[in-house]
Amino acid sequence: MGSISHVITATNPTLPHLTLTRSRGLRLYHFNSRLLPMPPARVSKKAGVFAELGHRSTVPIVIDFSDPDWKTKFQEDFERRFRLPHITDIFPDDPPIPSTFCLKMRTPMDKDFPGHYSSNDDWHGYINNNDRVLLKTIYYSSPTSAGAECIDPDCTWVEQWVHRAGPREKIYYKPEKVKAAIVTCGGLCPGLNDVIRQIVITLEIYGAKKIVGIPFGYRGFSDKELTEVQLSRKVVQNIHLSGGSLLGVSRGGPGVSDIVDSLEERGIDMLFVLGGNGTHAGANAIHNECRKRHLKVSVIGVPKTIDNDILLMDKTFGFDTAVEEAQRAINSAYIEAHSAYHGIGVVKLMGRSSGFIAMQASLSSGQVDICLIPEVPFNLHEPHGVLSHLKYLLETKGSAVVCVAEGAGQNLLQKTNATDASGNVVFGDIGVYIQQETKKYFKEIGVHADVKYIDPTYMIRACRANASDGILCTVLGQNAVHGAFAGYSGITVGLCNTHYAYFPIPEVISHPRLVDPNSRMWHRCLTSTGQPDFI
Ligand SMILES: Nc1ncnc2c1ncn2[C@@H]1O[C@H](COP(=O)(O)OP(=O)(O)O)[C@@H](O)[C@H]1O
Ligand SMILES: O=P(O)(O)OC[C@H]1O[C@](O)(COP(=O)(O)O)[C@@H](O)[C@@H]1O
Ligand SMILES: [Mg+2]
């Protein structure tokens, strides 16, 4: 086994910037400036192999870099981990049929459509099952390069390929027999209606006739009062023009076994699940339960997280809109602060574990003096803390704007053990805390300060998607349907280096994607705000 003390595994794809080290026999890893103990279940005893997390291996642990074949072994393991679960894994004799999705159409579409063209035509624009997208595109010549994601101490270039999304030439479901269901879970996010709409439209293009929406998230599977919503192109035609979800959302709900009972009762063959980490954990459990029961069901996720905290993806839908909408709140805070004598504006933005919205909104507004995110610890009261910097800003600029992510500085607040219906920890309000402490601080030092606090969370979440998110939602929705007809299950779809890819669900939800404090983007944010370290 190679000496762990020099093993730099920045083992992206699942643990970016992860450095393994050893201290007094404990395996530790550096994750975004924090030194954390390695969970024992993830530690493999054998060099060159990866430990199992649940039934799928997700976390590369120890690589024996003295093995001349380590790179090949790494890549083989990567290929295995990113293999897409397919219906033929449990139904090996299930024959595919030529796709009914054709890019050449004749008008008018009569009732015999699809089927005008056979798949024997020369060109259809299908994706070959062996097409791949390169996951990492930067060659870091040294582990010291900014934001370096290295696998070995020399930062060797290792190609990592993921599966390209899109329509396949062969499909595993007869469209006229398919019953497809869509469910939206978790909190609201701009773009939910765009994705629902595009899933329905694409299903119809394949020739599916039975398309339903499950109301109010997973709850809709068990609550007898809630009835399925019949969906068609006509029903969804204009739903993207408003925010929210046509189907409604919820947290909590029935267990996986009850959900799969309900799928069986309803005769659902394809389930499209729109939601974040929690929803995807549920979708993966539904997929596994279907396999256990030998059910031919494709469960396909579409990542919905305004916080942008799903691994391996350029961005998730709703995030761009959130950043854009956050500008209004920041601008209002700036105007209030700038127009007041010694004004301070505090804006709290979404981001339970990840500060992407706060970082990007601060960057794009150019009006933020202090950006605080969960990934970067800070002090408030200490000599180099936020409050003394605010004092400096009032003295030098006359006003200041603070942008704080909801999950930032939770160590400063009193912990409650409260959780929401989905089991997420309910956070203390860091925005209110900063507002109160700022007021107290300036009163105590006898300096006038006019502090205003804005929390635009629900105004942002309820917006309709902007143009860029609209496009993202459209392509994700279409690719979700292509993935289901292609026979995949337990997968999700995402944007990867500007291309669309399918991922096995466990690979993207093993932990929330975080802002890397060593990344260029965070450093750009610091350059823009001009803020010091608050430690
Ligand atoms: N580990 C899990 N396994 C199964 N279902 C889960 C899990 N975590 C959350 N869920 C379910 O997923 C849904 C959405 O979860 P939640 O955390 O509220 O939102 P999000 O999907 O946006 O993270 C809820 O109905 C919740 O019960
Ligand atoms: O008030 P709610 O509905 O519980 O939602 C609050 C949460 O919703 C979010 O905006 C998004 O959360 P999800 O991704 O889990 O839907 C979080 O940033 C925030 O903590
Ligand atoms: Mg969540």
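Both counts, for ligands and for their atoms, begin at 1 and track the order of listing.
- Less than 4.0 angstrom separates some heavy atom of Lys304 from each of these atoms of ligand 2: 13 (P), 14 (O), 16 (O).
- For ligand 2, the atoms lying closer than 4.0 Å to a non-hydrogen atom of Met350 are 10 (O), 18 (O).
- Atom 26 (C) of ligand 1 has as its closest protein heavy atom Ser422 OG, 3.5 Å.
- Salt-bridge check for Glu228 with Lys179: passed, with a basic side-chain N closer than 4.0 Å to an acidic carboxylate O.
- Using a 3.5 Å distance cut-off with no hydrogens or angles, the side chains of Gln327 and Ser364 do pair a donor with an acceptor.
- A donor-acceptor contact closer than 3.5 angstrom is absent between the side chains of His86 and Tyr172.
- Within 6.0 Å of CZ in Arg219 there are 12 or fewer heavy atoms belonging to other residues, nucleotides or ligands.
- For ligand 2, the atoms lying closer than 4.0 Å to a non-hydrogen atom of Glu406 are 17 (C), 18 (O), 19 (C), 20 (O).
- For atom 2 (C) of ligand 1, the closest non-hydrogen atom on the protein side is Ala281 CB, 3.5 Å.
- Taking atom 2 (P) of ligand 2 as the reference point, the nearest protein heavy-atom neighbour is Arg251 NH2, 3.6 Å.
- Thr529 and Asp369 form no side-chain donor-acceptor contact under 3.5 Å, judged by distance and modelled atom types alone.
- Close contacts between ligand 2 and Gly187 involve ligand atoms 16 (O) [criterion: under 4.0 Å to a heavy atom].
- The protein heavy atom nearest to atom 21 (O) of ligand 1 is Thr279 OG1, 2.4 Å.
- Sparse packing is recorded around CG of Asp533, with 12 or fewer heavy atoms of other residues, nucleotides or ligands lying under 6.0 Å away.
- At the top of the distance list for atom 22 (O) of ligand 1, counting protein heavy atoms only, stands Lys304 NZ, 3.1 Å.
- Annotation for ligand 1: atoms under 4.0 Å from non-hydrogen atoms of Asn277 are 21 (O), 23 (O).
- More than 12 heavy atoms of other shown residues, nucleotides or ligands fall within 6.0 angstrom of atom CZ in Arg266.
- The existence of a salt bridge linking Arg352 and Asp307 is excluded, since no basic side-chain nitrogen approaches an acidic carboxylate oxygen closer than 4.0 Å.
- At least one donor-acceptor pair closer than 3.5 Å links the side chain of Gln410 to the backbone N or O of Gly428.
- Near Gly276, with a cut-off below 4.0 Å to any heavy atom, the atoms of ligand 1 are 20 (P), 21 (O), 22 (O), 23 (O).
- From the protein, the heavy atom lying nearest to atom 7 (C) of ligand 1 is Gly278 O, 3.4 Å.
- If you look at Asp307 next to ligand 2, the close heavy atoms, those under 4.0 Å, all belong to the side chain.
- Side chains of Asp223 and Tyr218: no donor on one and acceptor on the other come within 3.5 Å.
- Inclusion of Arg461 in the set of residues having an N or O under 3.5 Å from an N or O of ligand 2 is warranted.
- Two residues are said to be in side-chain contact when any heavy atoms from C-beta on lie closer than 4.5 Å; Asp469 and Leu472 meet this criterion.
- Those atoms of ligand 2 with a heavy atom of Tyr458 less than 4.0 angstrom away are 1 (O), 2 (P).
- Close approach to Gly351 involves these atoms of ligand 2, each under 4.0 Å from a residue heavy atom: 18 (O).
- Remark: ligand 2 and Asp420 share no N or O pair separated by less than 3.5 Å (distance only, no angle test).
- For Asn424, every heavy-atom contact with ligand 1 shorter than 4.0 Å involves the side chain, none the backbone.
- Gly252 O, 2.5 Å is the protein heavy atom nearest to atom 25 (O) of ligand 1.
- Using a cutoff of 4.0 Å between basic side-chain nitrogens and carboxylate oxygens, Asp320 and Lys315 are scored as salt-bridged.
- Residues Asp194 and Arg197 are not paired through a salt bridge, judged by the lack of any N-O separation under 4.0 Å between the basic side chain and the carboxylate.
- If you number the atoms of ligand 1 from 1 as listed, the ones under 4.0 Å from a heavy atom of Arg251 come out as 16 (P), 18 (O), 19 (O), 25 (O).
- Taking atom 5 (N) of ligand 1 as the reference point, the nearest protein heavy-atom neighbour is Gly282 CA, 3.4 Å.
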